[in-house]
**Q** 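The structure under discussion is supplied below as structure tokens; questions concerning it will follow.
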Amino acid sequence: MQKTEYEFYNKLKINSFVHSKSVPKSIKNSQEFQSLVRSKVLGDEKSGRGRNYTINKPEHYADFIARTFPAGDIEVKNEIDNQRKYRNTKATTVEKERAVFLRGSCSILLNNEEVDLSFYTEKFGLFSGILNSLHVKKLCFVENFTSFLQAEKLLGNEYVYIHFYGRFPKNTILKKIACDEYLHFGDYDFVGLQEYLRAKSAFKNATIYIPDNLDELFKKYATKRKAKDTMYKNVKNTTEANVIRIREKILTSGHFLEQQILMDNIYD
């Protein structure tokens, strides 16, 4: 079930009837709704140019609500609540705990605890934790995990390197991070540009990494765009010169460049 279905059936329970024009097509065509009509739990009566659906059997309808939405009207805070309320962990968007991978040669403040990042980087290759808060001086996001493990060989040891488990987070997560400088090192495609601009809205000092030989790398190693590859609104409307440069290169060439090729020279 989805949030729309919950709200519809709950509103019907309160009002005892609903006009057919107010029934979303996805619900009207669903097996659950059709079953309620066939079993006469919901009555179907003509009303003006349309029809009204009314609750004919309140006890049966109450049983349906209890079975379909077993947790009742709880406040949804996480995926478990989604499962309890809607029987669907993805029914509504919830803020998830985010795991981060970190590398660097300094100490950082993660969740108000000092972490000797250099120790864990040298000993285990990285440090990982659930992000509640992070304070660093210079932070560099790396999109690809393999590139993240080698990033200091390309960009130096001044940065704390971060890689998010899963997709690039929304601003509610980014706002948990405090840094003096932010460098974005992602793929040179519409997704990478869109994520950089989202980071820019959270970190006003954010910059995007562009290699000096970007044009040459595009010519040699870029991958052809897929037909369904669409441009994000913030990428289309941006006024930032660096983003416009990459955006136009993607559009004119019909290709995009993955960041891994930039790591090639570190193995020479």
Side-chain angles (χ1 to χ4, degrees), residues 93-104 106 108-111 115 117 121 126-152 154-212 214 217-218 229-251 256-263:
T93 302
V94 294
E95 183 174 323
K96 302 177 183 178
E97 291 183 327
R98 294 304 300 265
V100 293
F101 302 111
L102 298 158
R103 289 172 54 82
C106 62
I108 62 171
L109 200 61
L110 178 67
N111 302 340
V115 177
L117 193 56
T121 301
L126 57 80
F127 182 83
S128 180
I130 300 298
L131 176 64
N132 293 319
S133 65
L134 174 64
H135 293 262
V136 301
K137 290 185 178 180
K138 299 181 68 173
L139 184 69
C140 177
F141 162 77
V142 186
E143 180 176 346
N144 176 266
F145 183 70
T146 302
S147 300
F148 161 76
L149 294 175
Q150 304 288 336
E152 70 277 3
L154 176 69
L155 301 174
N157 293 314
E158 293 183 357
Y159 291 99
V160 169
Y161 294 97
I162 186 169
H163 176 83
F164 293 95
Y165 177 78
R167 300 185 67 178
F168 192 77
K170 297 182 178 180
N171 278 18
T172 52
I173 300 296
L174 295 178
K175 287 180 179 178
K176 296 180 179 182
I177 301 173
C179 60
D180 296 331
E181 295 182 30
Y182 175 92
L183 180 65
H184 194 91
F185 181 28
D187 289 335
Y188 301 94
D189 59 10
F190 290 146
V191 173
L193 295 178
Q194 184 253 6
E195 291 178 346
Y196 163 64
L197 290 172
R198 281 167 51 197
K200 183 79 172 180
S201 67
F203 310 111
K204 300 306 179 184
N205 56 0
T207 56
I208 187 171
Y209 179 73
I210 302 178
D212 294 335
L214 181 67
L217 292 172
F218 250 89
D229 182 25
T230 56
M231 191 188 311
Y232 294 89
K233 186 176 181 180
N234 62 349
V235 177
K236 181 179 180 180
N237 296 333
T238 187
T239 58
E240 183 169 335
N242 285 328
V243 176
I244 293 174
R245 175 191 171 189
I246 299 170
R247 181 192 69 192
E248 295 308 304
K249 182 169 288 293
I250 295 170
L251 290 172
F256 68 93
L257 184 69
E258 296 174 292
Q259 70 172 177
Q260 288 93 316
I261 195 61
L262 274 70
M263 312 305 294

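Throughout, numbering of the chain's residues begins at 1 and tracks the sequence.
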**Q** Please verify the inter-ring angle class for Y182 with H184; under 30° counts as parallel, over 60° as perpendicular, anything in between as tilted.
**A**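 Answer is tilted, since the angle falls between 30° and 60°.
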**Q** Within the structure provided, determine whether E158 and K137 are in side-chain contact (heavy-atom separation under 4.5 Å).
**A**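 The answer is no; the side chains never approach within 4.5 Å.
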**Q** Under a 3.5 Å distance rule, please check whether Q259 uses its side chain to pair with a backbone N or O of F185 as donor and acceptor.
**A**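 Yes, because the side chain of Q259 sits within donor-acceptor range (under 3.5 Å) of the backbone of F185.
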**Q** Please name the pair of heavy atoms, one in C140 and one in L155, separated by the smallest distance, quoted to 0.1 Å.
**A**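 For C140 versus L155, the nearest heavy atoms are SG-CD1, 3.8 Å.
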**Q** Is it possible for you to check whether K249 lies under 6.0 Å from the centre of the six-membered ring of Y188, through NZ or CZ, and within 45° of that ring's axis?
**A**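 K249 over Y188 ring: no.
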**Q** Compare every heavy atom of L197 with every heavy atom of E240, then report the nearest pair and how far apart it is.
**A**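 Closest approach of E240 to L197: OE1-CD2, 4.2 Å.
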**Q** Any side-chain heavy-atom pair from L110 and L131 closer than 4.5 angstrom?
**A**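 In short, these two side chains touch, coming nearer than 4.5 Å.
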**Q** Might you point out which heavy atoms bring K200 and A206 nearest each other, and give the distance in Å?
**A**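 Minimum heavy-atom contact is NZ-O, 2.8 Å.
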**Q** Of all the heavy-atom pairs spanning E143 and D187, show the shortest one and how long it is.
**A**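 In this case the closest contact between E143 and D187 is OE1-N, 2.8 Å.
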**Q** Do L214 and I246 have side-chain heavy atoms sitting under 4.5 Å apart?
**A**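 Touching, per the 4.5 Å side-chain cut-off.
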**Q** Is Y209 close to L154 at the side-chain level, that is, under 4.5 Å between some pair of heavy atoms?
**A**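 They are in side-chain contact.
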**Q** Between the side chain of T121 and the main-chain N/O of R103, is any donor-acceptor distance below 3.5 Å?
**A**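 No, the answer is negative, given that no donor and acceptor are paired below the 3.5 Å cut-off.
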**Q** Checking S133 side chain against K176 main chain: does a donor-acceptor pair fall under 3.5 Å?
**A**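 Checking the backbone N and O of K176 against the side chain of S133, no donor-acceptor pair under 3.5 Å is found.
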**Q** Does any N or O in the side chain of K138 come within less than 3.5 Å of the main-chain N or O of E181, such that one atom is a donor and the other an acceptor?
**A**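 Not confirmed, K138 side chain does not pair with E181 backbone.
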**Q** Are any of the side-chain heavy atoms of N144 and H163 separated by less than 4.5 Å?
**A**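 The answer is no, as the side chains (C-beta and beyond) never meet within the 4.5 Å cut-off.
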**Q** Return yes when atom CG of N205 has more than 12 non-hydrogen atoms of other residues, nucleotides or ligands closer than 6.0 Å, and no otherwise.
**A**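 More than 12 heavy atoms, drawn from other residues, nucleotides or ligands, come within 6.0 Å of this atom.
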**Q** Closer than 3.5 angstrom, by distance alone: can the side chain of T238 be matched with the main-chain N or O of V235 as a donor-acceptor pair?
**A**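 Judged by distance alone, no pair lies under 3.5 Å.
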**Q** Are any of the side-chain heavy atoms of V160 and L134 separated by less than 4.5 Å?
**A**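 When only atoms from C-beta onward are counted, L134 and V160 do not touch, as no gap falls below 4.5 Å.
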**Q** Answer yes or no: is there a donor N or O on one side and an acceptor on the other, between the side chain of R247 and the main chain of F190, under 3.5 Å?
**A**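 Not confirmed, R247 side chain does not pair with F190 backbone.
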**Q** Are the side chains of L174 and F164 in touch, meaning some heavy atoms are under 4.5 Å apart?
**A**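 Contact flag for L174/F164 side chains = yes.
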**Q** Any non-hydrogen side-chain atom of F148 less than 4.5 Å from a side-chain atom of I162?
**A**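 Of all side-chain heavy-atom pairs linking I162 with F148, none is under 4.5 Å.
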**Q** Test your reading of the model: is there a side-chain donor-acceptor pair from N111 to the backbone of N132, 3.5 Å cut-off?
**A**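 Judged by distance alone, yes, a pair lies under 3.5 Å.
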**Q** With a cut-off of 6.0 Å (strictly less than), are more than 12 heavy atoms of other residues, nucleotides or ligands near CZ of F145?
**A**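 Counting neighbours around CZ of F145, more than 12 heavy atoms of other residues, nucleotides or ligands fall under 6.0 Å, so yes.
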